[in-house]
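The basis for the numbers below is simple: all heavy atoms, side chains too, and nothing from hydrogens, waters or symmetry mates. Chain naming here is simple, since letters A, B, ... match the order of the sequence lines and numbering starts at 1 in each.
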Amino acid sequence: MTLSGIRTRFAPSPTGSMHVGNLRTALYEYLIARSLGGRFILRIEDTDQERQVEGAVDLVFRTLERVGLVHDEGPDVGGPCGPYVQSRRLPYYREMAGRLVREGRAYRCFCSRERLEALRSAKGSEFSGGYDRHCRDLPEEEIRQRLDAGMSFVIRQRMPLEGETRFVDSVFGEITVRNEELEDQVLLKSDGFPTYNFANVVDDHAMGISHVVRGSEYLSSTPKYNLLYEAFGWPIPIYVHLPLINGPDGRKLSKRHGAVSFEDLAAEGFLPAAILNYIALLGWCPKDNRERFTLPELEAAFSIDGISRSPAVFDLEKLRWFNGEYLRDLAPDAFLDLAMPWFRRVFPERDLDWPLLSSLLQPRIRQLSEIPDRIEFVRELPDHPLSLYENRKSKATPETAVLVLGACIPLFESLPEWSQALLHDRLVLLAQQLSMKIGQVMWPVRIAATGLEATPGGAIEMLAVLGRDVSLARLRAGLARLERGE
RNA sequence: GGCCCAUUGGUCAAGCGGUCAAGACGCCGCCCUCUCAAGGCGGAAACAGGAGUUCGAUUCUCCUAUGGGUCACCA
């Protein structure tokens, strides 16, 4: 079977949540494949028996689906290079490791973990690190003896002791490392599982991966990968190393920076499309500097040469801006559907004029999670100081408030219908009668009704949301407070 | 500490020898406006430092500084 053409893969370890860095890697891998007419493959790298997390594989599927990164081959959809789960490819890795041992490019190492640990601590602060190649040239009979004795072993790659390894990364350019820096890395662990490095190379070749896309934390170990490809006589893939994503403090983004996984962000009211759009721009910039992109638009615009080399800081503020844009672009009923669960957090039973509230909130929020706080005033009038009735711009004062509220309460009581149109007409009329500016009458009404300096709508809209009874009760209470002066 | 990489406003970033050094977020101001948003207009804000190369460096080279990555039977 020959695999040709552009092929990229997303190869997560099922160890927990979908970090935005991982998601971005998946995105770029997807985009490289799509923009070049290639195929995007999903492979699960579950070679670490101890770090498996229940349900993590499902989370990967679900997340990719939610953001629309559809893979062409993978554990669920199959493909010509299956299985796409590393724990089911064990015999293959053993065969390949055995081949390297036979050819003298790898060897069995019987060193105990204790010895290795002692080695490391002995080097101490020097940090010259690494394995001392103790078993590299064990005599044949000694190997056979230990094997017969049932000693466990790992298989290590026999690295060249001199010379240098050079490679070209599509993003970072040419990189050269002296071979003496390279450790005789473990290929096969004593439990028979391959290490990440080994399985990765073996599978990338077996699956015909043309572009190896990954975070730049792998940059310095890439020479080891290349030496493996060479040991097997396989062609070296095109490398695309991605700049890291850091937190605001300049350190690698992690849990202590708050919500950094896709599911955290989604739970906080960010739209998948907005998240995807934002992270697409973290480390990549289109030729025309455009910012708003749908996935198909990204597929058309993406190119490797737009990837940046320096790390990017994950800026929640900018994500919030993106999210606000996406929220505003939603059709009103689509926004209502998304807002409803958040409405229900404050009003599990009671119904309000949801379409009205929804239309007021849509242009005003950036995260769905802002909704509960924004409508809490409907449930209960917030404590507020009388000084709120003072507003320079509206020329409103506690004194004018008394006049306005005193006049509009009876007016509202006799209103035949509690409609925005009617409310509006009456208040405009009232302003004329009192020779006041419109804002002068609207301000105290809104304050008395909501107790808030800023509300999701004007006075009329707030009255409509609250309904006749609640509105009147609050206006009366407001007036009484003003008259008492406290 | 060794090795590798990076360095344009607070953040994302354009730039790829000659620019008054784009744009976006955020911030500030003005307009619109029954508050706040949204929208419109405007503003403050950057080439880490030092040597070279060159007629000319943000762009090329070297050094320094700072930051990051990596040195596992983790990925």
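Residue contacts for A/Gly283: at a heavy-atom cut-off of 4.0 Å it reaches the sugar-phosphate backbone alone, with no base atom in range. Among the heavy atoms of the strands lying under 4.0 Å from A/Glu325 are primed sugar atoms or P, OP1, OP2 only; no base atom is included. Residue-level contact check: A/Arg309 touches the backbone only, with heavy atoms under 4.0 Å from sugar-phosphate atoms and none from bases. Note on A/Thr450: nothing from the nucleic acid sits closer than 4.0 angstrom, heavy atoms only.
One atom, CG of A/Asn289, and another, P of B/rC12, lie 14 Å apart when rounded to the nearest Å. Between the C1' atom of B/rC73 and the NZ atom of A/Lys224 lies a distance of 13 Å, rounded to the nearest Å.
Taking a pair to require two hydrogen-bonding distances under 3.5 Å in either a Watson-Crick or a G-U wobble arrangement, B/rA65 pairs with B/rU7. The nucleotide B/rG1 finds its pairing partner in B/rC71, both defining distances of the Watson-Crick or G-U wobble pair being shorter than 3.5 Å.
Annotation: A/Arg251, atom CZ; neighbour count of heavy atoms from other residues, nucleotides and ligands within 6.0 Å does not exceed 12.
Residue-to-nucleotide contacts include a donor-acceptor pair under 3.5 Å from the side chain of A/Ser190 to the base of B/rC73. Counting atom types as modelled, A/Lys287 pairs no side-chain N or O with a base atom of B/rA14 as donor and acceptor under 3.5 Å.
The C1' atoms of B/rC16 and B/rC63 are separated by 24 Å, rounded to the nearest whole Å. The separation of B/rU8 from B/rC60, taken at their P atoms, amounts to 14 Å, rounded to a whole angstrom.
Taking the six-membered ring for Trp, A/Phe193 and A/Tyr93 have ring centres at least 6.0 Å apart. When ring centroids are compared, A/Trp321 and A/Tyr278 stay outside the 6.0 Å threshold.
Remark: A/Arg290 is not in phosphate contact with B/rA14, judged by side-chain N or O atoms under 4.0 Å from OP1 or OP2. At the phosphate of B/rA75, OP1 or OP2 sits under 4.0 Å from a side-chain N or O atom of A/Thr47.
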